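Comments concern the structure below.
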Amino acid sequence: MLGTVEQRIQSCPECGAEIRTNHGFVPWCAACDWNVDPGQPEEPTGRLEVLRHRLARQHGERLLAEVTTDDALRPRRDTAGVLALALALAVHAVTGALFVGGLLLVVLGWGSGLPLLGALFLLITWTLRPRFARLPEDEPVLRRADAPELFALIDEVGGTVGTTGVHAVSVTAEFNASVSTYGFRHRRLLTIGLGLWEALSTEQRIALLGHELGHYANGDTRHGLVIGNALQSLDTWRYLMSPVRQPTLMESVLNALYLLPRSAVVGVLMVLDHLTLRATQRGEYLADSFAARCGSTEAAAGLMDRLLVSGSAETTMLRESNALRSRHTRATKDREAAEGLWERLAAHMDAIPASEYERQRRCGALRGHSVDSTHPPTHLRRARLLAAAALPAAVTIDATRRAALRAELSGVRAKTARRVLNGR
(Lines give C-alpha, C1' and ligand atoms only; values in the text may rest on other atoms or scores of the structure.)
Protein backbone atom coordinates (compact mmCIF):
# COMPACT_ATOMS: atom_id res chain seq x y z
CA MET A 1 0.00 0.00 0.00
CA LEU A 2 1.14 3.53 -0.69
CA GLY A 3 1.73 5.91 2.14
CA THR A 4 3.03 9.42 2.43
CA VAL A 5 6.03 9.94 0.19
CA GLU A 6 9.09 10.67 2.31
CA GLN A 7 11.61 13.22 1.11
CA ARG A 8 15.21 13.67 2.12
CA ILE A 9 16.76 17.12 1.92
CA GLN A 10 20.50 17.57 1.57
CA SER A 11 23.06 19.90 0.03
CA CYS A 12 24.89 18.96 -3.15
CA PRO A 13 28.52 18.08 -2.30
CA GLU A 14 29.64 19.64 -5.59
CA CYS A 15 27.80 22.96 -5.87
CA GLY A 16 25.92 23.28 -2.59
CA ALA A 17 22.45 23.44 -4.17
CA GLU A 18 19.52 21.99 -2.22
CA ILE A 19 18.58 18.44 -3.23
CA ARG A 20 15.17 16.98 -2.47
CA THR A 21 15.00 13.23 -3.00
CA ASN A 22 12.01 10.94 -2.61
CA HIS A 23 12.68 7.89 -0.47
CA GLY A 24 13.92 4.95 -2.52
CA PHE A 25 15.28 7.00 -5.41
CA VAL A 26 18.80 8.15 -6.31
CA PRO A 27 19.80 11.55 -4.87
CA TRP A 28 21.16 13.84 -7.57
CA CYS A 29 21.65 17.52 -8.28
CA ALA A 30 19.66 19.18 -11.06
CA ALA A 31 21.98 22.22 -10.96
CA CYS A 32 25.30 20.47 -11.70
CA ASP A 33 24.31 16.84 -12.51
CA TRP A 34 26.13 15.44 -9.48
CA ASN A 35 25.36 11.69 -9.14
CA VAL A 36 22.99 11.77 -12.11
CA ASP A 37 24.46 8.48 -13.37
CA PRO A 38 25.88 6.51 -10.43
CA GLY A 39 25.91 3.21 -12.34
CA GLN A 40 28.08 2.90 -15.43
CA PRO A 41 27.07 0.58 -18.30
CA GLU A 42 29.35 -2.29 -19.19
CA GLU A 43 31.73 -1.55 -22.00
CA PRO A 44 31.13 -3.61 -25.16
CA THR A 45 33.49 -6.52 -25.69
CA GLY A 46 34.63 -8.00 -28.99
CA ARG A 47 35.34 -6.27 -32.27
CA LEU A 48 31.78 -6.65 -33.56
CA GLU A 49 30.09 -5.13 -30.49
CA VAL A 50 32.62 -2.29 -30.36
CA LEU A 51 31.91 -1.54 -34.04
CA ARG A 52 28.14 -1.63 -33.50
CA HIS A 53 28.31 0.89 -30.69
CA ARG A 54 30.69 3.15 -32.60
CA LEU A 55 28.40 3.14 -35.63
CA ALA A 56 25.40 3.83 -33.40
CA ARG A 57 27.11 6.90 -31.98
CA GLN A 58 28.13 8.11 -35.45
CA HIS A 59 24.64 7.75 -36.87
CA GLY A 60 22.71 8.86 -33.79
CA GLU A 61 22.57 12.64 -33.82
CA ARG A 62 22.65 12.85 -37.62
CA LEU A 63 19.76 10.40 -37.90
CA LEU A 64 17.75 12.30 -35.29
CA ALA A 65 18.16 15.53 -37.28
CA GLU A 66 17.09 13.74 -40.45
CA VAL A 67 13.94 12.13 -39.02
CA THR A 68 12.97 15.31 -37.16
CA THR A 69 12.88 17.32 -40.39
CA ASP A 70 11.32 14.50 -42.44
CA ASP A 71 7.64 15.38 -42.68
CA ALA A 72 6.79 12.07 -44.36
CA LEU A 73 8.82 9.63 -42.31
CA ARG A 74 8.26 6.29 -44.00
CA PRO A 75 10.12 3.08 -44.78
CA ARG A 76 12.51 3.28 -47.70
CA ARG A 77 15.23 1.22 -49.29
CA ASP A 78 18.35 3.25 -49.96
CA THR A 79 21.69 2.24 -51.45
CA ALA A 80 22.78 0.67 -48.17
CA GLY A 81 19.64 -1.45 -48.11
CA VAL A 82 20.20 -2.70 -51.66
CA LEU A 83 23.83 -3.53 -50.89
CA ALA A 84 22.79 -5.33 -47.69
CA LEU A 85 20.31 -7.44 -49.65
CA ALA A 86 22.96 -8.28 -52.28
CA LEU A 87 25.48 -9.25 -49.60
CA ALA A 88 22.92 -11.41 -47.80
CA LEU A 89 22.10 -13.21 -51.06
CA ALA A 90 25.83 -13.82 -51.58
CA VAL A 91 26.02 -15.40 -48.11
CA HIS A 92 23.12 -17.68 -48.99
CA ALA A 93 24.77 -18.48 -52.33
CA VAL A 94 27.83 -19.79 -50.48
CA THR A 95 25.59 -22.04 -48.42
CA GLY A 96 23.84 -23.24 -51.59
CA ALA A 97 27.18 -23.93 -53.29
CA LEU A 98 28.33 -25.98 -50.30
CA PHE A 99 25.13 -28.02 -50.45
CA VAL A 100 25.37 -28.71 -54.19
CA GLY A 101 29.11 -29.45 -53.97
CA GLY A 102 28.61 -31.78 -51.03
CA LEU A 103 25.81 -33.61 -52.80
CA LEU A 104 27.94 -34.08 -55.93
CA LEU A 105 30.92 -35.32 -53.93
CA VAL A 106 28.78 -37.87 -52.11
CA VAL A 107 27.04 -39.12 -55.29
CA LEU A 108 29.94 -39.04 -57.75
CA GLY A 109 32.97 -39.56 -55.56
CA TRP A 110 32.70 -43.24 -54.70
CA GLY A 111 35.99 -45.10 -54.78
CA SER A 112 37.86 -42.17 -53.19
CA GLY A 113 37.76 -40.18 -50.00
CA LEU A 114 35.62 -37.45 -51.57
CA PRO A 115 32.28 -38.65 -50.15
CA LEU A 116 33.62 -37.94 -46.64
CA LEU A 117 34.39 -34.37 -47.67
CA GLY A 118 30.94 -34.15 -49.26
CA ALA A 119 29.32 -35.41 -46.07
CA LEU A 120 31.18 -32.70 -44.15
CA PHE A 121 29.86 -30.05 -46.56
CA LEU A 122 26.32 -31.36 -46.14
CA LEU A 123 26.69 -31.34 -42.36
CA ILE A 124 27.83 -27.72 -42.47
CA THR A 125 24.90 -26.68 -44.68
CA TRP A 126 22.52 -28.45 -42.29
CA THR A 127 24.00 -26.37 -39.46
CA LEU A 128 23.52 -23.22 -41.57
CA ARG A 129 19.91 -23.98 -42.48
CA PRO A 130 17.30 -21.30 -41.74
CA ARG A 131 15.81 -21.59 -38.26
CA PHE A 132 12.12 -20.93 -37.69
CA ALA A 133 11.12 -19.91 -34.20
CA ARG A 134 8.43 -21.78 -32.32
CA LEU A 135 5.72 -20.56 -30.00
CA PRO A 136 6.99 -20.34 -26.41
CA GLU A 137 6.18 -23.42 -24.37
CA ASP A 138 6.81 -21.90 -20.93
CA GLU A 139 4.61 -18.80 -21.28
CA PRO A 140 0.84 -18.38 -21.78
CA VAL A 141 -0.12 -17.99 -25.46
CA LEU A 142 -3.47 -16.48 -26.45
CA ARG A 143 -5.28 -17.20 -29.70
CA ARG A 144 -8.09 -15.19 -31.24
CA ALA A 145 -10.75 -17.39 -29.62
CA ASP A 146 -9.17 -16.85 -26.19
CA ALA A 147 -9.21 -13.03 -26.34
CA PRO A 148 -11.45 -11.75 -29.16
CA GLU A 149 -11.56 -8.17 -27.82
CA LEU A 150 -7.76 -7.96 -27.56
CA PHE A 151 -7.30 -9.30 -31.08
CA ALA A 152 -9.97 -6.90 -32.37
CA LEU A 153 -8.00 -4.02 -30.85
CA ILE A 154 -4.78 -5.33 -32.39
CA ASP A 155 -6.53 -5.57 -35.77
CA GLU A 156 -7.78 -1.99 -35.45
CA VAL A 157 -4.31 -0.70 -34.56
CA GLY A 158 -2.81 -2.75 -37.39
CA GLY A 159 -5.23 -1.20 -39.86
CA THR A 160 -4.24 2.26 -38.64
CA VAL A 161 -0.53 1.64 -39.27
CA GLY A 162 -1.17 -0.11 -42.59
CA THR A 163 -0.66 -3.75 -41.72
CA THR A 164 -2.59 -6.78 -40.48
CA GLY A 165 -2.88 -8.19 -36.98
CA VAL A 166 -1.14 -11.15 -35.38
CA HIS A 167 -1.82 -14.87 -35.13
CA ALA A 168 -0.91 -15.28 -31.46
CA VAL A 169 -0.11 -13.23 -28.35
CA SER A 170 2.44 -14.45 -25.82
CA VAL A 171 2.24 -13.04 -22.28
CA THR A 172 5.30 -12.70 -20.04
CA ALA A 173 6.17 -10.87 -16.83
CA GLU A 174 8.84 -8.69 -18.46
CA PHE A 175 8.86 -4.91 -18.68
CA ASN A 176 8.94 -5.13 -22.45
CA ALA A 177 7.00 -5.91 -25.61
CA SER A 178 8.06 -7.20 -29.00
CA VAL A 179 6.92 -8.69 -32.28
CA SER A 180 8.40 -11.66 -34.10
CA THR A 181 7.44 -14.52 -36.38
CA TYR A 182 7.21 -18.24 -35.83
CA GLY A 183 6.93 -21.37 -37.93
CA PHE A 184 7.67 -22.10 -41.57
CA ARG A 185 4.75 -19.92 -42.68
CA HIS A 186 6.19 -16.91 -40.82
CA ARG A 187 3.12 -16.35 -38.67
CA ARG A 188 3.07 -13.25 -36.51
CA LEU A 189 3.57 -13.25 -32.75
CA LEU A 190 3.10 -10.30 -30.40
CA THR A 191 4.72 -10.64 -26.98
CA ILE A 192 3.27 -8.50 -24.21
CA GLY A 193 5.19 -8.15 -20.96
CA LEU A 194 2.68 -7.52 -18.18
CA GLY A 195 5.33 -5.65 -16.21
CA LEU A 196 5.08 -2.94 -18.88
CA TRP A 197 1.44 -3.38 -19.93
CA GLU A 198 0.06 -3.00 -16.41
CA ALA A 199 2.14 0.15 -15.81
CA LEU A 200 0.57 1.95 -18.80
CA SER A 201 -2.63 3.90 -19.26
CA THR A 202 -5.13 2.74 -21.87
CA GLU A 203 -3.87 5.30 -24.38
CA GLN A 204 -0.25 4.30 -23.74
CA ARG A 205 -1.14 0.65 -24.34
CA ILE A 206 -2.61 1.58 -27.70
CA ALA A 207 0.56 3.53 -28.47
CA LEU A 208 2.60 0.46 -27.52
CA LEU A 209 0.60 -1.71 -29.91
CA GLY A 210 1.06 0.92 -32.63
CA HIS A 211 4.82 0.88 -32.11
CA GLU A 212 5.13 -2.90 -32.18
CA LEU A 213 2.84 -3.45 -35.17
CA GLY A 214 4.68 -0.59 -36.87
CA HIS A 215 7.71 -2.87 -37.08
CA TYR A 216 5.70 -5.16 -39.36
CA ALA A 217 4.57 -2.20 -41.43
CA ASN A 218 8.03 -0.74 -41.99
CA GLY A 219 9.76 -4.05 -42.73
CA ASP A 220 12.55 -4.73 -40.21
CA THR A 221 15.32 -5.98 -42.52
CA ARG A 222 17.58 -7.34 -39.78
CA HIS A 223 14.86 -9.80 -38.78
CA GLY A 224 13.61 -10.51 -42.30
CA LEU A 225 13.85 -13.85 -44.04
CA VAL A 226 16.83 -12.97 -46.29
CA ILE A 227 19.01 -10.62 -44.24
CA GLY A 228 18.02 -12.07 -40.87
CA ASN A 229 19.01 -15.58 -41.90
CA ALA A 230 22.22 -14.28 -43.48
CA LEU A 231 23.20 -12.70 -40.17
CA GLN A 232 22.35 -16.00 -38.48
CA SER A 233 24.52 -17.94 -40.95
CA LEU A 234 27.46 -15.61 -40.41
CA ASP A 235 27.13 -15.94 -36.64
CA THR A 236 27.11 -19.72 -37.06
CA TRP A 237 30.28 -19.58 -39.20
CA ARG A 238 31.91 -17.40 -36.57
CA TYR A 239 31.00 -19.90 -33.86
CA LEU A 240 32.23 -22.90 -35.87
CA MET A 241 35.60 -21.25 -36.47
CA SER A 242 36.02 -19.66 -33.04
CA PRO A 243 39.53 -20.26 -31.66
CA VAL A 244 40.08 -22.98 -29.09
CA ARG A 245 41.11 -21.64 -25.70
CA GLN A 246 44.33 -23.09 -24.24
CA PRO A 247 44.84 -25.24 -27.36
CA THR A 248 46.94 -28.36 -27.77
CA LEU A 249 49.52 -28.48 -30.58
CA MET A 250 46.99 -29.79 -33.12
CA GLU A 251 44.38 -27.29 -31.97
CA SER A 252 46.92 -24.48 -32.40
CA VAL A 253 47.40 -25.58 -36.00
CA LEU A 254 43.62 -25.59 -36.47
CA ASN A 255 43.37 -22.11 -34.96
CA ALA A 256 45.99 -20.88 -37.44
CA LEU A 257 44.18 -22.47 -40.39
CA TYR A 258 40.92 -20.82 -39.32
CA LEU A 259 42.48 -17.38 -38.89
CA LEU A 260 41.92 -16.04 -42.43
CA PRO A 261 38.44 -17.50 -43.05
CA ARG A 262 37.34 -16.42 -39.56
CA SER A 263 38.56 -12.89 -40.24
CA ALA A 264 36.69 -12.89 -43.54
CA VAL A 265 33.45 -13.97 -41.83
CA VAL A 266 33.80 -11.30 -39.14
CA GLY A 267 34.55 -8.73 -41.84
CA VAL A 268 31.42 -9.62 -43.82
CA LEU A 269 29.38 -9.57 -40.62
CA MET A 270 30.70 -6.10 -39.81
CA VAL A 271 29.86 -4.83 -43.29
CA LEU A 272 26.32 -6.25 -43.11
CA ASP A 273 25.92 -4.70 -39.67
CA HIS A 274 27.10 -1.36 -41.03
CA LEU A 275 24.65 -1.50 -43.92
CA THR A 276 21.61 -2.37 -41.80
CA LEU A 277 22.14 -0.59 -38.48
CA ARG A 278 21.05 2.85 -39.69
CA ALA A 279 17.87 1.42 -41.21
CA THR A 280 17.13 -0.42 -37.96
CA GLN A 281 17.41 2.74 -35.89
CA ARG A 282 15.37 4.67 -38.43
CA GLY A 283 12.75 1.93 -38.15
CA GLU A 284 12.47 2.60 -34.41
CA TYR A 285 11.73 6.27 -35.04
CA LEU A 286 9.15 5.26 -37.64
CA ALA A 287 7.54 2.83 -35.19
CA ASP A 288 7.36 5.68 -32.66
CA SER A 289 5.48 7.75 -35.25
CA PHE A 290 2.97 4.93 -35.57
CA ALA A 291 2.65 4.90 -31.77
CA ALA A 292 1.80 8.60 -31.78
CA ARG A 293 -0.68 8.17 -34.62
CA CYS A 294 -2.55 5.37 -32.84
CA GLY A 295 -2.48 6.47 -29.20
CA SER A 296 -1.65 10.22 -29.52
CA THR A 297 1.66 12.03 -29.22
CA GLU A 298 1.09 12.54 -25.50
CA ALA A 299 0.57 8.81 -24.95
CA ALA A 300 3.62 7.87 -27.05
CA ALA A 301 5.80 10.31 -25.06
CA GLY A 302 4.36 8.87 -21.84
CA LEU A 303 5.30 5.40 -23.06
CA MET A 304 8.87 6.61 -23.57
CA ASP A 305 8.90 7.91 -19.98
CA ARG A 306 7.72 4.56 -18.64
CA LEU A 307 10.50 2.81 -20.54
CA LEU A 308 13.02 5.12 -18.90
CA VAL A 309 12.12 3.79 -15.43
CA SER A 310 11.94 0.10 -16.32
CA GLY A 311 14.53 -0.70 -13.67
CA SER A 312 12.25 0.59 -10.94
CA ALA A 313 9.44 -1.73 -12.06
CA GLU A 314 11.75 -4.74 -12.20
CA THR A 315 13.05 -3.96 -8.71
CA THR A 316 9.50 -3.70 -7.40
CA MET A 317 8.53 -7.11 -8.78
CA LEU A 318 11.69 -8.68 -7.34
CA ARG A 319 10.95 -7.09 -3.95
CA GLU A 320 7.40 -8.48 -4.03
CA SER A 321 8.72 -11.95 -4.77
CA ASN A 322 11.32 -11.83 -2.02
CA ALA A 323 8.82 -10.49 0.51
CA LEU A 324 6.28 -13.25 -0.17
CA ARG A 325 8.82 -16.07 0.00
CA SER A 326 10.24 -14.76 3.27
CA ARG A 327 6.82 -14.71 4.96
CA HIS A 328 5.90 -18.40 4.36
CA THR A 329 2.24 -17.43 3.98
CA ARG A 330 -0.71 -19.74 3.50
CA ALA A 331 -2.04 -20.54 0.03
CA THR A 332 -4.96 -18.12 0.42
CA LYS A 333 -2.58 -15.29 1.30
CA ASP A 334 -0.41 -16.23 -1.68
CA ARG A 335 -3.44 -15.97 -3.94
CA GLU A 336 -4.40 -12.58 -2.50
CA ALA A 337 -0.85 -11.30 -3.02
CA ALA A 338 -0.86 -12.51 -6.62
CA GLU A 339 -4.22 -10.91 -7.33
CA GLY A 340 -2.99 -7.48 -6.21
CA LEU A 341 0.51 -7.58 -7.71
CA TRP A 342 -0.23 -5.62 -10.88
CA GLU A 343 -2.25 -3.00 -9.01
CA ARG A 344 0.64 -2.48 -6.59
CA LEU A 345 3.08 -2.23 -9.50
CA ALA A 346 0.90 0.35 -11.27
CA ALA A 347 0.59 2.35 -8.03
CA HIS A 348 4.36 2.32 -7.60
CA MET A 349 4.92 3.52 -11.17
CA ASP A 350 2.37 6.32 -10.70
CA ALA A 351 4.24 7.42 -7.57
CA ILE A 352 7.61 7.83 -9.31
CA PRO A 353 8.49 11.53 -8.98
CA ALA A 354 9.08 13.77 -11.97
CA SER A 355 12.66 14.30 -10.80
CA GLU A 356 13.45 10.62 -11.41
CA TYR A 357 12.19 10.83 -15.00
CA GLU A 358 14.36 13.89 -15.53
CA ARG A 359 17.37 12.12 -14.03
CA GLN A 360 16.88 9.19 -16.37
CA ARG A 361 16.66 11.53 -19.37
CA ARG A 362 19.92 13.22 -18.39
CA CYS A 363 21.50 9.85 -17.74
CA GLY A 364 20.45 8.74 -21.23
CA ALA A 365 21.96 11.88 -22.72
CA LEU A 366 25.27 11.14 -20.99
CA ARG A 367 25.36 7.51 -22.08
CA GLY A 368 24.09 8.11 -25.60
CA HIS A 369 24.17 4.90 -27.65
CA SER A 370 26.51 3.08 -25.28
CA VAL A 371 23.80 0.83 -23.83
CA ASP A 372 21.92 -0.40 -26.91
CA SER A 373 23.33 -0.19 -30.42
CA THR A 374 20.13 -1.23 -32.22
CA HIS A 375 17.71 1.26 -30.61
CA PRO A 376 18.13 5.04 -30.50
CA PRO A 377 18.40 6.30 -26.90
CA THR A 378 14.96 6.69 -25.35
CA HIS A 379 15.45 10.39 -24.58
CA LEU A 380 16.14 11.08 -28.29
CA ARG A 381 13.06 9.13 -29.34
CA ARG A 382 10.96 11.14 -26.89
CA ALA A 383 12.49 14.43 -28.09
CA ARG A 384 11.62 13.63 -31.70
CA LEU A 385 8.01 12.86 -30.80
CA LEU A 386 7.62 16.17 -28.97
CA ALA A 387 9.33 18.12 -31.77
CA ALA A 388 6.67 17.07 -34.30
CA ALA A 389 3.13 18.37 -34.49
CA ALA A 390 1.01 16.84 -31.74
CA LEU A 391 -1.32 14.10 -32.97
CA PRO A 392 -4.64 13.03 -31.43
CA ALA A 393 -5.40 9.36 -30.88
CA ALA A 394 -6.71 7.58 -33.99
CA VAL A 395 -7.73 4.52 -31.95
CA THR A 396 -9.82 4.91 -28.81
CA ILE A 397 -11.76 2.49 -26.65
CA ASP A 398 -14.59 3.11 -24.22
CA ALA A 399 -15.09 1.81 -20.68
CA THR A 400 -17.00 -1.26 -21.90
CA ARG A 401 -14.12 -2.39 -24.13
CA ARG A 402 -11.60 -1.67 -21.37
CA ALA A 403 -13.54 -3.92 -19.03
CA ALA A 404 -13.75 -6.65 -21.68
CA LEU A 405 -9.99 -6.47 -22.28
CA ARG A 406 -9.30 -6.73 -18.57
CA ALA A 407 -11.60 -9.72 -18.24
CA GLU A 408 -9.91 -11.52 -21.15
CA LEU A 409 -6.49 -11.07 -19.57
CA SER A 410 -7.58 -11.95 -16.02
CA GLY A 411 -6.46 -15.57 -16.30
CA VAL A 412 -2.98 -14.84 -17.64
CA ARG A 413 -2.61 -11.90 -15.23
CA ALA A 414 -3.16 -14.21 -12.25
CA LYS A 415 -0.97 -16.99 -13.64
CA THR A 416 1.89 -14.62 -14.48
CA ALA A 417 1.63 -12.88 -11.09
CA ARG A 418 1.96 -16.24 -9.31
CA ARG A 419 5.06 -17.00 -11.36
CA VAL A 420 6.60 -13.64 -10.49
CA LEU A 421 5.95 -14.11 -6.79
CA ASN A 422 7.33 -17.64 -6.88
CA GLY A 423 10.53 -16.36 -8.47
CA ARG A 424 10.10 -18.13 -11.83
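Predicted, not measured: the structure shown is a model, and the values here were computed from it.
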Inset, instruction - Would you kindly check if the NZ (Lys) or CZ (Arg) of Arg188 is within the cone defined by 45 degrees around the ring axis of Tyr216 and under 6.0 Å from the six-membered ring centre? - result: yes
Legend entry - Leu150 backbone acceptor or donor facing Glu408 side chain under 3.5 Å: yes
Inset, instruction - Output the distance between atom CG (Leu391) and atom CZ (Arg293), rounded to the nearest 0.5 Å. - result: 8.5 Å
Inset, instruction - Taking the side chain as every heavy atom from C-beta outward, state whether Pro243 and Tyr258 have any atom pair closer than 4.5 Å. - result: no
Legend entry - Within 6.0 Å of CD in Glu298, more than 12 heavy atoms from elsewhere: no
Inset, instruction - Could you tell me whether the side chain of Val412 reaches within less than 4.5 Å of the side chain of Leu142, counting heavy atoms only? - result: yes
Inset, instruction - Inspect the contact between Arg319 and Glu314 and indicate whether a charged nitrogen and a carboxylate oxygen are less than 4.0 angstrom apart. - result: no
Inset, instruction - With the side chain counted from C-beta on, respond yes when Cys15 and Trp34 share a heavy-atom pair under 4.5 Å apart, and no when they do not. - result: no
Legend entry - Donor-acceptor contact below 3.5 Å, side chain Gln232 vs main chain Asn229: no
Inset, instruction - Evaluate the side-chain proximity of Leu409 to Ile192: yes if any heavy-atom separation is below 4.5 Å, no if none is. - result: no
Legend entry - From Ser178 atom OG to Leu190 atom CG, the distance as rounded to the nearest 0.5 Å: 7.5 Å
Inset, instruction - Kindly say whether Thr181 contributes a backbone atom to a donor-acceptor pair with the side chain of Arg187 at under 3.5 angstrom? - result: no
Inset, instruction - Dump the intermediate steps for side-chain hydrogen bond (donor to acceptor under 3.5 Å, both in side chains) on Ser355 and Arg20, then the final yes or no. - result: CA-CA 9 Å; Ser355 60; Arg20 292 179 176 268; over 6 Å; no
Inset, instruction - Can you sort out the partners of Arg362 under side chain to side chain contact (heavy atoms under 4.5 Å, CB included), two or more places apart, ordered by chain and number? - result: Trp28, Ala30, Asp33, Val36, Glu358
Inset, instruction - Name all pairs fulfilling the ring pair (Phe, Tyr, Trp, His ring centres under 6.0 Å) condition that reach into residues 132-153, sequence neighbours left out, sorted by first residue then second. - result: Phe132-Phe184
Legend entry - Within-4.5 Å side-chain heavy-atom neighbours: His167 and His186: no
Legend entry - Pairing of Arg401 and Glu156 as salt bridge, 4.0 angstrom limit: yes
Inset, instruction - For the pair Glu149 and Arg144, find out whether any cationic side-chain nitrogen is under 4.0 Å from an anionic carboxylate oxygen. - result: no
Legend entry - Atom pair OG1/CG of Thr378 and Asp305 - distance to nearest 0.5 Å: 9.5 Å
Inset, instruction - Keeping the roles fixed (side chain from Ser312, backbone from Val309), state whether a donor-acceptor pair exists under 3.5 Å. - result: no
Legend entry - Close side-chain approach of Ser170 and Pro136, heavy atoms under 4.5 Å: yes
Inset, instruction - State which residues pass side chain to side chain contact (heavy atoms under 4.5 Å, CB included) with Ala88; sequence neighbours excluded, sorted by chain then number. - result: Val226, Ile227, Ala230
Inset, instruction - Inspect the contact between Arg143 and Asp146 and indicate whether a charged nitrogen and a carboxylate oxygen are less than 4.0 angstrom apart. - result: no
Legend entry - Donor-acceptor under 3.5 Å (Ser321 side chain, Val420 main chain): yes
Legend entry - Pairing residues for Arg406 by the salt bridge (charged side-chain N to carboxylate O under 4.0 Å, His left out) criterion, not counting sequence neighbours: Glu343
Inset, instruction - Please examine the side chains of Leu103 and Phe121, heavy atoms only from C-beta on, and report whether any two atoms are closer than 4.5 Å. - result: no
Legend entry - Reported CG-to-CG distance for the pair Leu345 and Asp350, which is rounded to 0.5 angstrom: 9.5 Å
Inset, instruction - Using atom types as modelled and distance alone, determine if a side-chain donor or acceptor of Arg262 lies under 3.5 Å from a backbone N or O of Met241. - result: yes
Legend entry - SB check Arg382 Asp288 (cutoff 4.0 Å): no
Legend entry - Phe99 atom CZ, over 12 foreign heavy atoms within 6.0 Å: no
Legend entry - Residues that Leu123 engages under side chain to side chain contact (heavy atoms under 4.5 Å, CB included), provided they are two or more places apart: none
Inset, instruction - Determine whether the side chains of Ser289 and Arg384 contain a donor N or O and an acceptor N or O closer than 3.5 Å. - result: yes
Legend entry - N/O donor-acceptor pair under 3.5 Å between Asn176 side chain and Leu196 backbone: no
Inset, instruction - Could you tell me whether the side chain of Trp197 and the main chain of Arg205 form a donor-acceptor pair under 3.5 Å? - result: no
Legend entry - Set of residues satisfying salt bridge (charged side-chain N to carboxylate O under 4.0 Å, His left out) with respect to Glu14, sequence neighbours excluded: none
Legend entry - Contact check, side chains of Arg381 and His211, non-hydrogen atoms, under 4.5 Å: yes
